[in-house]
Amino acid sequence: QDKKAETLIVANETGPNMLDIHGVGANRPSYGVAWLAYDRLMTYGRKKLANGVMSYDFAKLEPELAESWQVAKDGMSVTFKLRKGAKFHDGTPVTAKDVKWSYDRALAMGGFPAFQMKAGSLEKPEQFEAIDDSTFKVTFLRKDKMTMPDMAVPVASIYNSALALKNATKEDPWAATWLKNNTAGGGAYKVASYKPGQEIVYERFDDWKSGPLPKIKRVIQREVPSAGNRRALLAKGDIDMTYEMPPKDFAEMSQEKGNVKVASVPAENSMIYVGMNVTKPPFDNAKVRQAVAYVLPYDKMMQNAAYGRGMPLFGAKKPVTGNDWPTATPYVTDLAKAKALMKEAGMEAGFETTLSFDLGQGTVSEPMAILAQEALAQLNIKVAINKVPGANWRAALLKKDMPMTINRFGGWLNYPEYFFLWTYHGQNAVFNTMSYQNPAVDKLVDAARFEGDKKKYAQDVKGFIDIAYKEVPRIPVVQPMVDVAMQKNVQGYTYWFHLQPDYRQISKQ
Amino acid sequence: MLATILKRLLGAIPNLIGVIVVTFLLTRALPGDPAAFFAGPAGTAEAVEEIRVKLGLNKSLPEQFLLYVRDLSRGDWGNSLATGQSVLTELTTRLPASLELTLCGLVLAVVIAIPLGILAATRPGSWIDHLCRGIATAGVSLPTFFTGLLLAYIFYFLLGWAPSPLGRLDPYLSSPPTVTGFYLIDSLLVGDLDVFVGAAKQLILPAVTLALFVLAPLARMTRAAMLGVLSADFIRTARAAGLAPTTVLFTYAFRNALLPVMTTLGMVFSFLLGSNVLVEKVFAWPGIGSFAIEALVASDYAPVQGFVLTMALLYVFLNLAIDIAYGLVDPRMRIDQ
Amino acid sequence: MSQLIEAIDLVKHFPVGKKLLHAVDGLNFHIDSGETVGLVGESGCGKSTLVRLLTRTLDITDGHIRFHGNGIGLIPARAMAEHPLRREIQMVFQDPTDSLNPRYTARDTIGESARLLTETRDANEIRRMVEEAADHVGLPRELLDRYPHQLSGGQKARVGIARAIVVKPRLLILDEPTAALDVSVQAVILQLLDRLKREMGMSFLFVSHDLNVVRLLCDRVMVMYLGQIVETGKAAEVFARPLHPYTRAMIASLPGGLTGGQASDADLLIGGDPQSPIDPDPNRCRLLGRCPRGTDLCANSAPLLQTWADGRSAACHFVTP
Amino acid sequence: MTKATPTLTLSPWPKRWATLRYVVAENPLSLAAFLLFALLVLLALVGPWLAPFDALASNVGAPLSPPSGAHWFGTDALGRDILSRVMVAARLDLGIAVAAVGLSCVLGGLGGACAGYFGGWTERIVGRISDTIMAFPLFVLAMGIVAALGNTVANIVLATAIINLPFYIRVARAESAVLRNAGFVEAARLAGNSEARLLFHHIIPNILPPMTVQISLNMGWAILNAAGLSFIGLGVRPPAAEWGIMVAEGAQYIVSGEWWIALFPGAVLMLAVFCFNLLGDSLRDLVDPRRRT
Amino acid sequence: MSLLAVENLSLEFRTRSGIVRALENVSLELPEGGSLGLVGESGSGKSVLSFAILGIQDAAARITAGRIRFAGQDLLANEGRAMKALRGRELAMIFQNPRVALNPIRQVGQQIEDVLRRHTDLRGKTLRARAIECLAEVRIPDPERRYAAYPFELSGGMCQRVMIAIALACRPRLLIADEPTTGLDVTTQAAIMRLIRDLGHEKGMATLLITHDLGLAREFCDKLAVMHAGHIVETGPTEAVFRTPAHPYAAQLTRATPVGQDRLENLAAIPGNLPDLRRTDLPACRFAERCERRADDCAIPLPRYEVGAGHTAFCHHPTRLEAA
Ligand SMILES: Nc1ncnc2c1ncn2[C@@H]1O[C@H](COP(=O)(O)OP(=O)(O)OP(=O)(O)O)[C@@H](O)[C@H]1O
Ligand SMILES: Nc1ncnc2c1ncn2[C@@H]1O[C@H](COP(=O)(O)OP(=O)(O)OP(=O)(O)O)[C@@H](O)[C@H]1O
Ligand SMILES: [Mg+2]
Ligand SMILES: [Mg+2]
């Protein structure tokens, strides 16, 4: 009985594909491994949301491995004091050398970790300095409000450099191969067993010093791809927790009077949208895009695709303020307006196009696509629907040749300019699925990034949002929910921006 | 004997080469781009191009093929993109799960289908005959994934008879030390009955799902073969010699009917191996089938190639085994003749 | 009489693994125009193989076949279908059911032969030919539009014969044409063949197990044993006074003998099984081991086929005319 | 005396009607199968006109409504009438099955017949092709083809045809290897038939009956195959109605209690496959003379 | 007393397409140690009759009337239990086409042992020794080696000998041979027939020889029974039936056989085919429709016509009448 109370069984659609978040091709669930098996210098605070769900607090940084830190007077560096007695799982004490090695590694591995570091202006190894065993200093390149928060994200995990180096080779100085299947961390949980594609088992690290000792001693996280089965498992009490279910299931489970409860939080900085590639005529014509924005059946999409699980991003009554994000567009379903716009664009006769979406997101995107297809037919736009298998989605996006897409995007760092940098900026990143380019937007986004003044900042934000919503290369539809379903006796769930579960706060009654 | 086996294996090489070439071409035609995958969510076009060069994907197809074959011959089956793991280790750790499931399904099917077929053949045209045919055909008429989901829903969710479809073992039990990789066998080897029972329980639903699907061909073949044999002249001889009906039915008729049934068995087995990909997906079974599906949908070359190659090798060995078994039963087919 | 077809040192070997099966091993014989020759011999002695060589559906290993003086032995079997001589050699098969395409009506079957082997393309002309042939073999015209399974054994046999004779071949080969027929119809078919032989002036090569039938139908017989001819001669003479031990054993084995009554001399019977036709020893009599008279001589030299003045020949060391 | 009929005589139609009647009378299941088959064909022909609703039109007012007088089979998540979708899908499903099976039957039959009849290198090449295909896990091969070429209906047909190929090759090869030695082939050769003519006029028409059996069995399999592809997301594109995809989509609603979404298409799919399988069995009885008394 | 007596046996097959009256009112007698030839064209019911005697007829067959007595016992009594006990021990049968009549995947020695094990108490070494003895009895050279042979390794004649060995293993009193030599060479055929005859004489075994080769029957049997369409139309001592056939069918059958004829023209053919035994309007004489001597009275039940001592025919218009 005790054993059951201290064991948490979680079933998910997919599990981590490796244990190293710096690894090439690490998937989302592997962020969860980094979060649990490794510590960071700092972590975010926690707060209770209006609906009673705990959430991380973006505004507050709290100590984790670092006991304290001091930002220099000029604001151009920070010095961390490491926690005394903090140990890695193998018993080696954590030193500033490990921290430096870890940060260097994040940069050196290239790809995603390096990119994430750069988002916080952490770009050069020279910035990181181990002063002594317990003192670590980071020099800033520029004043960037994202620098400090960026050191609390999973990528900035601290590795046991001695252990890792023992398993490094000449060709592989960062022990990338070994760390794929092994951890060298000091986080609250040790990885007890890892079978890729099957399960990962965590065991509590009883010597953990960076926070209150977790209640749950053992976590078994299995992969159960079938959502239906997961719901059944939860309903039967065979698992304690699951996420990534179709919104319909969450909607129903939250209504049911059973042993299951659902915790929901609107995903920060995130939206599901219909994008139109502005390089593909006739979507190069803003009128056509607006027509599409006026014809989409928003309410139906909300009801029949998202099952009400999310915040509508359409039909705003008030103008954009620039203070909150994501914010709704003024568009509503208005066929007459749409037709008029099409006429103005000279496209009354309609055209043919293809609407693509990621099969992995099919539960929501497919009904949306079908509803969109039906609605667009009213404008004589014949839409063919193209499902792209999950793993090909990235490649498909990269090619930038899909005329119309349904997609979702969320940014870790909860700033609108961060979102826009990815999605509207002329640097044309992958997630600028519309290939949208507008120097005015670029200027405003760049300005907002390093803007210190609150008011000016809000003006910049309002500026680029207004342009984006008027030109409407992407039509925001809904800000999705992050839902987790669990047994009623599971307490302490916290929402994190990386969306992975944090078992450290969880307990069973 | 050994020489003939060797010869048979050599004879399979052109097929394997064919399989390798076709798989190679097929995987290269997959729409995904591993370079884009590696580049991660933030990869820029330049970064992707860089990775492409690093992976050798910018080389011409024939060059890539030669490299692939060279690696293969060195025992390097490549790494999976999605899991980052070596394909060979993945396959070897997952293969026992698939084989255990498939064999259980097959044994189950055989245990049901063959008596059913014999029964039907001894009373052709009777209601038993029709019933057997009806049941068997119904089984093969449902898509396996649907049968699986339905069984899980009924027997697990509604009735609570079956254990949770959570993979090979209840989460509270720990897997036995790996010897064969078959939980049923490994648990017995260490004398852990709890694990044995647990593993057996987990096997029931997926095995039944698989068995249902191949009941029909087996029962049908058994019936037809038995009917054919029972009307053969030598059965009349046996009956005229006054042999006991059971002797006639089993020693004489069934052993002869076994020959076509064995051929079907081989086909069914390879069929099962192929179609359990769906069942594995439904029951969260950590086998090579579910692995292959993920990989294929993810355009993950190496695992797909590795999987297909494994299956082809299995197929070759399976056929060899059947030929040898055939020789054991039928002196006319002795392999060294 | 002139020689219609002639075989010279005709050889056919089948590869069996690394060895050779000597199915037909150096045959020399001829069939004259208008002559009916019977070919008898044990099962597996190469009768059907010889027939297939003569009909040119099987490539020969060695030797020659002359048809009216034209060498036809070298025409590849696959090319024979288009050869002008194709129509000259026709054949009636053993099993009337097996030899009819189940999806062809009798008319189709007979007509196909007529159409492909003659220059005629005129449907009416072919129709006439088919009906004429049917009349010849006594097949009622109303049966022409039936499928094989709608015909009785005797009727099927008639269709098979009609197909062969519709092109008026000069040599008709019959491979056990009555073996699959019931006694009750066998007689009719035999009489039909006898009549055709007289009316149409064809040469017959008649292969049979049944010595009684050969005796009644044939002018001359050839006896084969393990790929070789061991005895030939006028039918009446051979049956009256067989020379070769094998022929004698065969005749002695006939139930009721040739003339009815009790079997003849039991001493002449031979037992055992024939030797293997695979790579036989060329210097050894092939009957050795079964022959009541076998001696050392037979083990060391194979007897040659000797011919005597009265047209009889035999291959045995101990036979004198 | 000898009753040596070749194992595969196909008697012409008049007689076959009688046998058909006999087979049907002997086996009540066969009768059901024949009736069902007729119904399916009818559905495929006129289904779209008979359907009470537009199969593609969403009705968000009534999503997930259980079977009722208006919607006999209920509606799906977008309020589309499942009965209509099931009816309309018949054409696509049967179309896929017929096209796939037809393609593999023609190619496999021809290849197999040549292999069996000519033997030699033809047989070796065809045999190799067939063995190589067989060495693949077939469903995965189909997946691979569709994944590589794109999930259009044409590619699904192609993939299904390819994985069915070995079965036809096998049947055709075995049958024509037997027929090659049949008396009537030899007789036809003497009647002046060239090799090609022999193949097309004498061999192939006579291997059709056993092929028919295979066709019928494979039709069911083809439908299942398409369904399996749908399950992993490689099936026909939405919003087209197809049984397999409807089952696959409906599967996620089973646990939450909306059983009708998967059940009805599943039941129809099963009936169709069931029907083809039974039909195959009956045809086998019809074709196999041993079963004829 | 006769060893085997079939009395007024009628048998029919129930098929979907109607009832096949395969045997009607068939009576036969075979004395101890005697030999009876059963002749008739294909489909006349010879095999069905022999199967009925052994009780191995098809499941669709029903015996509707008559009795089969063997050594005084009624074989059909108690649902044929008596027959089951005797089958293979007292009654044995060999078949046409010996190659396919033996289990292809069992060593021939074992097949003999199966029978011996079933009917005797022999086990182990003695069983094997006896099996080898059986092979030797049928003059198979080198029986120890042949014990382990499979049928496909033996020639047709050898297979037939093995069949005979199986049949004779338990020293039956009656051997039924259903066309034992069809498909064999004349020389082999003669050897097999002599073997059967000699063993029959040696062991005092009665033989029922089924054949459509009248020559064979004439040479090997003391008595002859001629069957046509499920009827026995004539029985009698062999020579009597051959010399003075009374039933027109028997007469035509003897004349259709080339044995002993010297001119083709003398061969007679029997017109028409066997009637369809499913017909409900079969005339009493099933030969009537093919018979040139047919008259109106052929439709009424047949008289038994005693041609001579033990020579009987069933016909309204026997040929003998006119000759007399
Ligand atoms: N295609 C072949 N390949 C190999 N061996 C063959 C082939 N055809 C015939 N033989 C062998 O050649 C020999 C002669 O066969 P053939 O059919 O000519 O005999 P047959 O005298 O016609 O016999 P039967 O009287 O049984 O018809 C046999 O041993 C047979 O096995
Ligand atoms: N199982 C059966 N069902 C229906 N009819 C049958 C069955 N077995 C035999 N018959 C019929 O019984 C009749 C006698 O058959 P049987 O086999 O005894 O003939 P036969 O004299 O032995 O002929 P053959 O010389 O060809 O062996 C035939 O008309 C046959 O069609
Ligand atoms: Mg022959
Ligand atoms: Mg018979």
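In what follows, every heavy atom counts, from backbone to side chain, and hydrogens, waters and symmetry copies are set aside. So that the names make sense, note that chain A is the first sequence line, chain B the second, and so on, each numbered from 1.
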Original post:
Counting only heavy atoms not in A:K236, do more than 12 sit closer than 6.0 Å to its NZ atom?
Top reply: yes

Subject >> Crowding at CZ, D:R128 (>12 non-hydrogen neighbours, <6.0 Å) >> reply: yes

Subject >> Pairs satisfying side chain to side chain donor-acceptor pair (under 3.5 Å), at least one member in residues 480-489 of chain A, at least two apart >> reply: A:N259-A:Q487, A:S264-A:D483, A:R309-A:D483

Subject >> side-chain hydrogen bond (donor to acceptor under 3.5 Å, both in side chains) against D:S68, all qualifying residues, sequence neighbours excluded >> reply: none

Subject >> Gap between atom CG of D:L78 and atom CD1 of A:I370 - 0.5 Å precision >> reply: 5.5 Å

Original post:
Using non-hydrogen atoms only, which part of A:S226 is less than 4.5 Å away from chain D: side chain, backbone, both, or neither?
Top reply: neither

**OP:** For each of A:A369, A:A227, A:P367, tally heavy-atom pairs with chain D at distances under 4.5 Å, and name the one with the top tally.
**Re:** A:P367

Subject >> Residue A:P246 versus chain D: region with a heavy atom under 4.5 Å >> reply: side chain

Original post:
Relative to chain D, which segment of A:D299 carries a heavy atom at a distance below 4.5 Å: side chain, backbone, both, or neither?
Top reply: neither

Original post:
Counting heavy atoms not belonging to A:F351, are there more than 12 under 6.0 Å from its CZ?
Top reply: yes

Subject >> D:W72 CH2: over 12 foreign heavy atoms closer than 6.0 Å >> reply: no

Subject >> Engaged part of A:L359 at the chain D interface, taking heavy atoms whose separation is under 4.5 Å >> reply: side chain

**OP:** Enumerate by number any residue of residues 373-381 of chain A whose heavy atoms lie under 4.5 Å from heavy atoms of chain D; in the absence of such residues, state 'none'.
**Re:** A:Q373, A:E374

Original post:
Which distance, rounded to the nearest 0.5 Å, do you find between the OH of D:Y253 and the CZ of A:R231?
Top reply: 11.0 Å

**OP:** Go through the structure and list residues passing salt bridge (Lys or Arg N to Asp or Glu O under 4.0 Å) with A:K387, not counting sequence neighbours.
**Re:** A:E366

